[in-house]
Asks: 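Below you'll find the structure I mean.
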Amino acid sequence: AKGNGRNCVALFDIDIQRRAQEHLARATGLRGALANGEIEPHYQPIVNLGTGRVVGVEALARWRTSSGELISPDTFIALAEEIGLIEPLGQHILRTACRDALVWHQASPAPFMLSVNVSPRQFASGDFASMVLTALADTGFPATCLHLEITESALMNEPSVKTTMGELRKHGIKFAIDDFGTGYSSLSSLRRLPVDILKIDKSFVSGITTNAQDRALITAAIDLARSFGLTAIAEGVETQEQLRELTGLDCDLAQGYLWSRPVAAEKVADVMENVGKI
Ligand code: C2E
Ligand code: CA
Ligand code: CA
Ligand code: CA
């Protein structure tokens with residue numbers, strides 16, 4: 001038994017070592033990818049349910065490897081946060097997205113909104129506000145058309161977060177609470193943080209036609225948005241039935257595969273044209 005125990009310890013060490021090596025390899029790979037321009041935003045249209053028109057896009061990071069494979073942010077954003085790469089990565093996504101969206105903004109008769117996801121880690125870094133303002137100044141994208149999407153986390157309790165948000169809001173930048181209704185973004189963030197938009201999580205939208213509780217939650221979130229003077233955006237709309245329900249509840253805006261998956265910048269103009277036909 002003793003011998004076995006020692007073997008186990010030895011195997012465990014090897015396992016830890018192997019995992020540490022894998023982690024290092026993935027970290028090195030991600031750093032290289034950012035340096036080589038393999039990380040880029042894709043865009044999903046956001047639709048006004050009253051008019052049926054595209055009012056803007058959400059930028060969603062993608063990693064296109066040299067072999068052409070597209071890697072989802074769920075697998076690399078957490079790693080970027082862990083290895084201290086989220087700040088340059090987030091800056092790169094923001095600057096690229098502002099440059100791309102300026103073209104759509106200029107072609108649009110109405111203001112064209114760009115929504116960018118921000119990690120709580122970025123907020124906690126001292127110079128987040130000046131990074132954002134510099135990106136806007138360098139690209140010419142209007143501050144009043146930029147939305148920043150945040151999820152609640154322990155970091156959002158830092159007093160500096162409120163100060164940073166206040167400074168950016170002075171320039172007309174708007175803030176959205178992402179994944180609203182999930183454990184990560186809840187009612188208390190509404191009271192604590194100065195926000196303009198609620199993004200209703202897709203896990204509730206997917207149950208809107210089948211689950212009374214999901215439907216009740218969406219109804220409550222839309223009512224809450226209205227009484228707080230906020231805009232409600234439903235995420236993850238995939239079917240006409242879901243769209244009908246949300247329209248019936250007077251939800252302002254929505255996004256989802258029903259209109260389009262996130263697409264590369266060069267496909268956005270085509271997608272915008274097609275959305276009007278749904
Ligand atoms: P999120 O911000 O909640 O983004 C919504 C996710 O839902 C996206 O996944 C989007 O592709 C997906 N989605 C959109 N419509 C539908 C639909 O109709 N059905 C279904 N099933 N899914 C839909 P994605 O692009 O894989 O992004 C995952 C998460 O990664 C995002 O969740 C966000 O939290 C994070 N993320 C993405 N880009 C960035 C970034 O640039 N910075 C940071 N910090 N986080 C990012
Ligand atoms: Ca988001
Ligand atoms: Ca979300
Ligand atoms: Ca999410």
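Remember, it's 1-based here, ligands and their atoms both numbered in the order they're listed.
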Asks: Of the listed options (Leu60, Val118, Asp74), which comes nearest to atom 28 (C) of ligand 1 when hydrogens are ignored and any heavy atom counts?
Replies: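 Among Leu60, Val118, Asp74, the closest heavy atom to atom 28 (C) of ligand 1 belongs to Asp74.
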Asks: Answer yes or no: does atom CZ of Arg169 have more than 12 heavy-atom neighbours from other residues, nucleotides or ligands under 6.0 Å?
Replies: yes
Asks: Report the atom name of the nearest N/O/S atom of Glu149 relative to the Ca ion (ligand 2).
Replies: OE1
Asks: Go through ligand 1 atom by atom and flag the ones less than 4.0 Å from a non-hydrogen atom of Glu235.
Replies: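 Answer, ordered by atom number: 3 (O).
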Asks: Going by the side-chain hydrogen bond (donor to acceptor under 3.5 Å, both in side chains) test, which pairs reach into residues 83-94, not counting sequence neighbours?
Replies: none
Asks: Are more than 12 heavy atoms from other residues, nucleotides or ligands located less than 6.0 Å from atom CZ of Arg18?
Replies: yes
Asks: What is the name of the N/O/S atom in Glu235 that sits closest to the Ca ion (ligand 3)?
Replies: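 The Glu235 atom nearest to the Ca ion (ligand 3), restricting to N, O or S, is OE2.
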Asks: Quick one: does ligand 1 sit under 4.0 Å from the side chain of Asp178, the backbone, both or neither, non-hydrogen atoms only?
Replies: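 Looking at Asp178 and ligand 1, just side chain atoms fall under 4.0 Å.
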Asks: Should the proximity of Lys199 to ligand 1, defined as any heavy atom under 4.0 Å, be assigned to the side chain, the backbone, both, or neither?
Replies: neither
Asks: Taking N or O atoms only and a 3.5 Å limit, does Ala61 qualify as a polar contact for ligand 1?
Replies: yes
Asks: Near Gln44, which atoms of ligand 1 are under 4.0 Å from a heavy atom of that residue?
Replies: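 The atoms of ligand 1 under 4.0 Å from a heavy atom of Gln44 are 14 (C), 15 (N).
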Asks: Is the Ca ion (ligand 2) less than 3.0 Å from an N/O/S atom of Ser115, whether that atom is in the backbone or a side chain?
Replies: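 Under 3.0 Å: Ser115 has no N, O or S contact with the Ca ion (ligand 2).
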Asks: Could you list which atoms of ligand 1 come closer than 4.0 Å to a heavy atom of Asp179?
Replies: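 With Asp179 as reference, the close atoms of ligand 1 come out as 3 (O).
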Asks: Could you give the distance from CG (Leu198) to CD1 (Ile222), rounded to the nearest 0.5 Å?
Replies: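 Answer rounded to 0.5 Å: 10.0 Å.
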Asks: With heavy-atom distances below 4.0 Å as the criterion, list the atoms of ligand 1 near Ser119.
Replies: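 Matching atoms, with element in brackets: 44 (N).
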Asks: If you count the atoms of ligand 1 from 1 in the order shown, which ones are under 4.0 Å from a heavy atom of Pro262?
Replies: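 Every atom of ligand 1 under 4.0 Å from some heavy atom of Pro262: 11 (O).
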Asks: For the pair Asn36 (side chain) and Glu38 (backbone), establish whether a donor and an acceptor sit closer than 3.5 Å, ignoring hydrogens and angles.
Replies: no
Asks: Identify, by name, the N, O or S atom of Glu58 lying closest to the Ca ion (ligand 2).
Replies: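 This turns out to be OE2.
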Asks: Considering only heavy atoms, does Ile93 approach ligand 1 within less than 4.0 Å through its side chain, its backbone, both, or neither?
Replies: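 Under 4.0 Å from ligand 1, Ile93 contributes side-chain atoms alone.
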Asks: By atom name, which N, O or S atom of Asp178 is the nearest to the Ca ion (ligand 3)?
Replies: OD1
Asks: Quick one, Arg26 with Glu22, criterion salt bridge (charged side-chain N to carboxylate O under 4.0 Å, His left out). Give me CA distance, side-chain angles, the key distance, then yes/no.
Replies: CA-CA 6 Å; Arg26 282 192 297 137; Glu22 274 172 16; over 6 Å; no
Asks: Scan residues 205-219 for pairs that pass side-chain hydrogen bond (donor to acceptor under 3.5 Å, both in side chains), counting only residues two or more places apart or in two chains.
Replies: Arg215-Glu245
Asks: Please confirm whether Arg62 approaches ligand 1 to less than 4.0 Å, judged on its heavy atoms.
Replies: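 Arg62 counts as a contact of ligand 1 under the 4.0 Å cut-off.
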Asks: Closest approach of Phe141 and Leu146, non-hydrogen atoms and distance?
Replies: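 Heavy-atom minimum between the residues: CE2-N, 4.0 Å.
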Asks: Between His42 and Gln44, do the side chains contain a donor N or O and an acceptor N or O under 3.5 Å apart?
Replies: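 Checked: Gln44/His42 side chains show no N/O donor-acceptor pair below 3.5 Å.
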Asks: Nearest non-hydrogen atom to atom 20 (C) of ligand 1 belongs to which of Gln122, Gln255, Glu238?
Replies: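 Shortest heavy-atom distance from atom 20 (C) of ligand 1: Glu238.
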Asks: Evaluate the ring planes of Phe76 and Trp63, with Trp represented by its six-membered ring, and classify them as parallel (under 30°), tilted (30 to 60°) or perpendicular (over 60°).
Replies: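 If you compare the ring of Phe76 with that of Trp63, the planes turn out perpendicular.
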Asks: Tell me, yes or no, whether the heavy-atom count around Arg261 atom CZ, taken from other residues, nucleotides or ligands under 6.0 Å, exceeds 12.
Replies: no
Asks: May I ask you to list the atoms of ligand 1 that are less than 4.0 angstrom from any heavy atom of Gly256?
Replies: 15 (N), 18 (O)
Asks: Going by the atom numbers of ligand 1, which of them fall below 4.0 Å from some non-hydrogen atom of Glu58?
Replies: 2 (O), 4 (O)
Asks: Closest to the Ca ion (ligand 3), which N/O/S atom of Asp179 is it?
Replies: OD1
Asks: Out of curiosity, does Tyr257 fall in the hydrophobic cluster containing Val205 (side-chain heavy atoms, cut-off under 4.5 Å, transitive links)?
Replies: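 Val205 and Tyr257: separate clusters.
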